[in-house]
Amino acid sequence: MAKEKTAKEISVFEEELLPHMDALKTFAYHLTFDDDDAEDLVQETYLKAYRFIDKYQEGTNAKAWLFKILKNAYINQYRKKVKQPTKVDFEEIISYHDTDDKSKTNYLDLRQEIFQNIMGDEITTEINNLPIDFRTVILLCDVEGFTYEEISKIIDVPIGTVRSRLFRARNILKEKLKSYAESQGYKDIRGKKKKSESEEE
Amino acid sequence: MRTPEQMEDFRQKIDLYLDNALSNEEVTAFESTANSHPEYSSLLERASEFRNLVKTKVKRSTCSQNLINTIKNNIKM
């Protein structure tokens, strides 16, 4: 039989946990790609959080705690029954990319002009096209502002892995956005400009 | 003109800086470096703009009133 919640626990739930509903829904939506599934996931998260509210320490990181519950709920239920979120073999991608060696991957630097050619829809589309673990770290870090340590605890991987996934996820995202901008007529003339200038000389 | 090694070192620190993963001392040193040369500051500006683009343009969801009511009813608040 479930233990009766105290007035204090109910107060903590309402004041510290409920304000994160929309952030959780955003995360859930980008995991499931379905509004109803996302709401189911948020509902399940809050019901679990309420059931285990005695495990939560008041004034600690409520948002990170909720995100971890949601991530686990997603893994336990939705990924098994819902359509595969990506066409790429997930484990293959992770085992290939989960190294902390960045030396073989160049840091991709996007030109400012590219930003002007990109609308919000493309950002969302390309984030959603990322393999799930890359998408997850982008959402947790760049969208929700979690620290490496918090992300490490939410997704149960070492901080070094969080950093390497972020590095690669951002580079993939930049490549995709660059390709999109080029398809819209943007041309990256770096290098070419210098070459033509030297030819004129 | 910065050397490729200097630029690479700076690039690696950009992520840590924008992710708030540097100590106070490291932040001071990084900002000093960033302000020391236009190539650095330009690189930082573009990286910062990319982050801002992702943060502000990604689709965000809001919970329906029905979901909010369901959660509150389930826990009888």
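Keep in mind that this is a model prediction, so the values were computed, not measured. Here is the naming used below: chain letters follow the sequence lines, and residue numbers restart at 1 for every chain.
Contact check for B:Asn66 versus A:Glu39: no side-chain heavy atoms found under the 4.5 Å cut-off. Residues A:Ile127 and B:Lys59 form no side-chain contact, since every pair of their non-hydrogen atoms from C-beta on lies 4.5 Å or further apart. Counting heavy atoms from C-beta outward, A:Tyr46 and B:Asn74 have side chains that stay 4.5 Å or more apart. Between B:Val54 and A:Ile138, some side-chain heavy-atom pair lies under the 4.5 Å cut-off. Residues B:Lys55 and A:Val143 have side chains not in contact (no heavy-atom distance under 4.5 Å, counting atoms from C-beta outward).
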side-chain contact (heavy atoms from CB on, under 4.5 Å) assessment of B:Thr56 paired with A:Ile123: CA-CA 10 Å; B:Thr56 57; A:Ile123 299 283; over 6 Å; no
Using the side-chain contact (heavy atoms from CB on, under 4.5 Å) rule, take A:Tyr50 and B:Ile71 through it: C-alpha gap first, then chi angles, then the decisive distance, then the call. CA-CA 10 Å; A:Tyr50 186 69; B:Ile71 290 171; over 6 Å; no
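Remark: A:Lys176 NZ is loosely packed, at most 12 non-hydrogen atoms of other residues, nucleotides or ligands lying under 6.0 Å away. In the displayed structure, A:Lys153 atom NZ is contacted under 6.0 Å by at most 12 heavy atoms of other residues, nucleotides or ligands. Counted within 6.0 Å of CD on A:Glu149, heavy atoms from surrounding residues, nucleotides or ligands total 12 or fewer; the atom is thus considered open. No more than 12 heavy-atom neighbours from other residues, nucleotides or ligands sit within 6.0 angstrom of CG on B:Asn24. Annotation: A:Lys71, atom NZ; neighbour count of heavy atoms from other residues, nucleotides and ligands within 6.0 Å is above 12.
Atom NZ in A:Lys25 sits 9.5 Å away from atom CD1 in B:Ile68 (nearest 0.5 Å). To the nearest 0.5 Å, atoms CZ (B:Phe50) and CG (A:Leu177) are separated by 6.0 Å. To the nearest 0.5 Å, atoms SG (B:Cys63) and CE (A:Met21) are separated by 4.0 Å. A distance of 13.0 Å separates CZ of B:Arg60 from CZ of A:Phe27, quoted to the nearest 0.5 Å. Rounding to the nearest 0.5 angstrom, the gap separating the CZ atom in B:Arg51 from the SG atom in A:Cys141 is 6.0 Å.
Using a 4.5 Å cut-off between heavy atoms, B:Thr62 touches chain A through backbone and side chain atoms alike.
Screening A:Thr124, A:Asp142, A:Asn128 for a side chain to side chain contact (heavy atoms under 4.5 Å, CB included) with B:Val58, the sole residue that qualifies is A:Thr124.
Judged purely by atom type and a 3.5 angstrom limit, A:Thr26 uses its side chain to pair as donor or acceptor with the backbone of B:Ser61.
Between B:Asp15 and A:Arg170 there is a salt bridge, since at least one side-chain N of the basic residue sits less than 4.0 Å from a carboxylate O of the acidic one.
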